[in-house]
Amino acid sequence: MPLRKILFLSVVAALLAGVAFFVQGPGKRHQAREPALLFPGFDADRIGRVTVTGAGGSEPLALQKGEVGGWTVAAGGKSFPADGEMIERALDDLKEARIESVVSTNVEKRPLFGVGEEAGTALLLEDAAGAVAAEFVIGRQGPDPFTGYFLRRGEEKVLLVSPSLRGVFTRGVDGWRDRRIVTVEREEADRKSVV
């Protein structure tokens, strides 16, 4: 093999070795990482009650799981059957939520992200025994429609999370009510008639 080819291949091999060293060593910290789960190990089936308090300390509404299944929504002394599938999807959104980044640790800037006392929507999640599973505040929509700002109670970090939880949990009583005329399990029905 001519000396010129050997020299060229040696230079190429040295460059590839340098790139491999950089990617495996110092350059590794610059690689994109999978966003961390917001609630690692979150068990949506364990949640028995969700209390939602709107901005400015408005009257809270409570989503309560019944002992035999089924959910109710209560506010202002009135209680209605709730759409259990919608609540379970909302809890699944919490289970799948991911932390995109920390956007602030400054308490004075919380109102900018909608997680201050006057602007945020506070949620308290409890298990069937009444133990607190999670407590947090949902803020404004993030820089795109798929993200939102989030603050855990007792922490300083305002987080950007995906998906945006604002549209999921900020419904009023009417948004959580079960709108079906009649609820029948498929196994219970043996025939149907239209009148």
Side-chain angles (χ1 to χ4, degrees), residues 1-48 50 52-55 63 84-127 131-171 175:
M1 194 182 273
L3 182 61
R4 199 179 228 177
K5 283 186 179 179
I6 293 173
L7 187 59
F8 176 74
L9 291 175
S10 298
V11 170
V12 169
L15 285 173
L16 289 175
V19 168
F21 172 75
F22 181 76
V23 168
Q24 293 300 317
K28 193 171 191 175
R29 65 178 172 198
H30 300 294
Q31 293 177 351
R33 294 186 182 125
E34 181 72 22
L37 285 173
L38 183 60
F39 294 108
F42 181 76
D43 184 6
D45 295 332
R46 200 178 68 130
I47 303 302
V50 179
V52 182
T53 306
L63 303 168
E85 291 174 10
M86 185 186 306
I87 295 170
E88 288 168 16
R89 278 194 309 271
L91 292 174
D92 285 341
D93 281 349
L94 274 181
K95 181 180 179 179
E96 300 297 323
R98 297 192 175 276
I99 301 171
E100 297 295 330
S101 65
V102 176
V103 294
S104 177
T105 56
N106 187 341
V107 175
E108 295 173 3
K109 292 191 178 182
R110 287 182 183 173
L112 295 173
F113 304 106
V115 293
E117 296 296 323
E118 296 300 316
T121 301
L123 272 84
L124 173 66
L125 280 67
E126 300 168 287
D127 64 13
V132 175
E135 192 172 0
F136 53 89
V137 179
I138 297 170
R140 292 191 175 109
Q141 177 181 306
D144 61 62
F146 309 107
T147 59
Y149 297 110
F150 179 94
L151 176 68
R152 285 188 176 100
R153 284 280 192 213
E155 291 190 8
E156 293 182 2
K157 294 184 227 175
V158 177
L159 305 172
L160 179 67
V161 300
S162 63
S164 176
L165 301 171
R166 185 167 181 77
V168 175
F169 285 101
T170 56
R171 313 163 201 249

message: If you count every heavy atom of other residues, nucleotides or ligands that lies below 6.0 Å from Glu155 atom CD, does the total exceed 12?
response: yes

task: Any chance you could measure Leu159, atom CG, to Ser104, atom OG, to the nearest 0.5 Å?
output: 10.5 Å

message: Would you compute the distance between atom CG of Asn106 and atom NZ of Lys157 and round it to the nearest 0.5 angstrom?
response: 15.0 Å

- prompt: With Arg98, which residues qualify under salt bridge (charged side-chain N to carboxylate O under 4.0 Å, His left out), at least two apart?
  reply: Glu34

query: When rounded to the nearest 0.5 angstrom, what distance separates CG in Leu151 from CD in Glu135?
result: 10.5 Å

message: Measuring from atom CD1 of Ile99 to atom CG of Leu160, what distance do you get when rounded to the nearest 0.5 angstrom?
response: 10.5 Å

query: Which pair of heavy atoms, one from Ala97 and one from Pro163, lies closest together, and at what distance?
result: CA-CD, 4.0 Å

- prompt: Do you know the tightest heavy-atom contact between Ala122 and Arg153?
  reply: CB-NH2, 3.5 Å

- request: Could you walk me through whether Val168 and Arg89 pass side-chain contact (heavy atoms from CB on, under 4.5 Å), step by step?
  value: CA-CA 9 Å; Val168 175; Arg89 278 194 309 271; over 6 Å; no

message: Does Gln141 have more than 12 heavy atoms from other residues, nucleotides or ligands lying within 6.0 Å of its CD?
response: yes

task: Write down the atom of Pro143, the atom of Thr147, and the distance for their closest heavy-atom approach.
output: CD-OG1, 3.5 Å

message: For the backbone of Val158 and the side chain of Arg110, can you confirm whether one donor and one acceptor N or O come within less than 3.5 Å of each other?
response: no

task: Give the C-alpha distance, both sets of side-chain angles, the deciding distance and a yes or no for side-chain contact (heavy atoms from CB on, under 4.5 Å) between Val103 and Lys109.
output: CA-CA 10 Å; Val103 294; Lys109 292 191 178 182; over 6 Å; no

task: Could you walk me through whether Phe39 and Leu125 pass side-chain contact (heavy atoms from CB on, under 4.5 Å), step by step?
output: CA-CA 12 Å; Phe39 294 108; Leu125 280 67; over 6 Å; no

query: At what distance, to the nearest 0.5 angstrom, does OG of Ser164 lie from CD1 of Ile138?
result: 8.0 Å

statement: Taking every heavy atom of Leu37 against every heavy atom of Glu96, the minimum-distance pair comes out as CD2-O, 4.2 Å

- request: For the residue pair Ser162 and Glu100, confirm or rule out a side-chain donor-acceptor distance under 3.5 Å.
  value: yes

query: Aromatic rings Phe136 and Phe169: how do their planes relate, parallel, tilted or perpendicular, breaks at 30° and 60°?
result: perpendicular

task: Starting at CG of Leu63, measure out to CG of Leu123 and round the result to the nearest 0.5 Å.
output: 8.5 Å

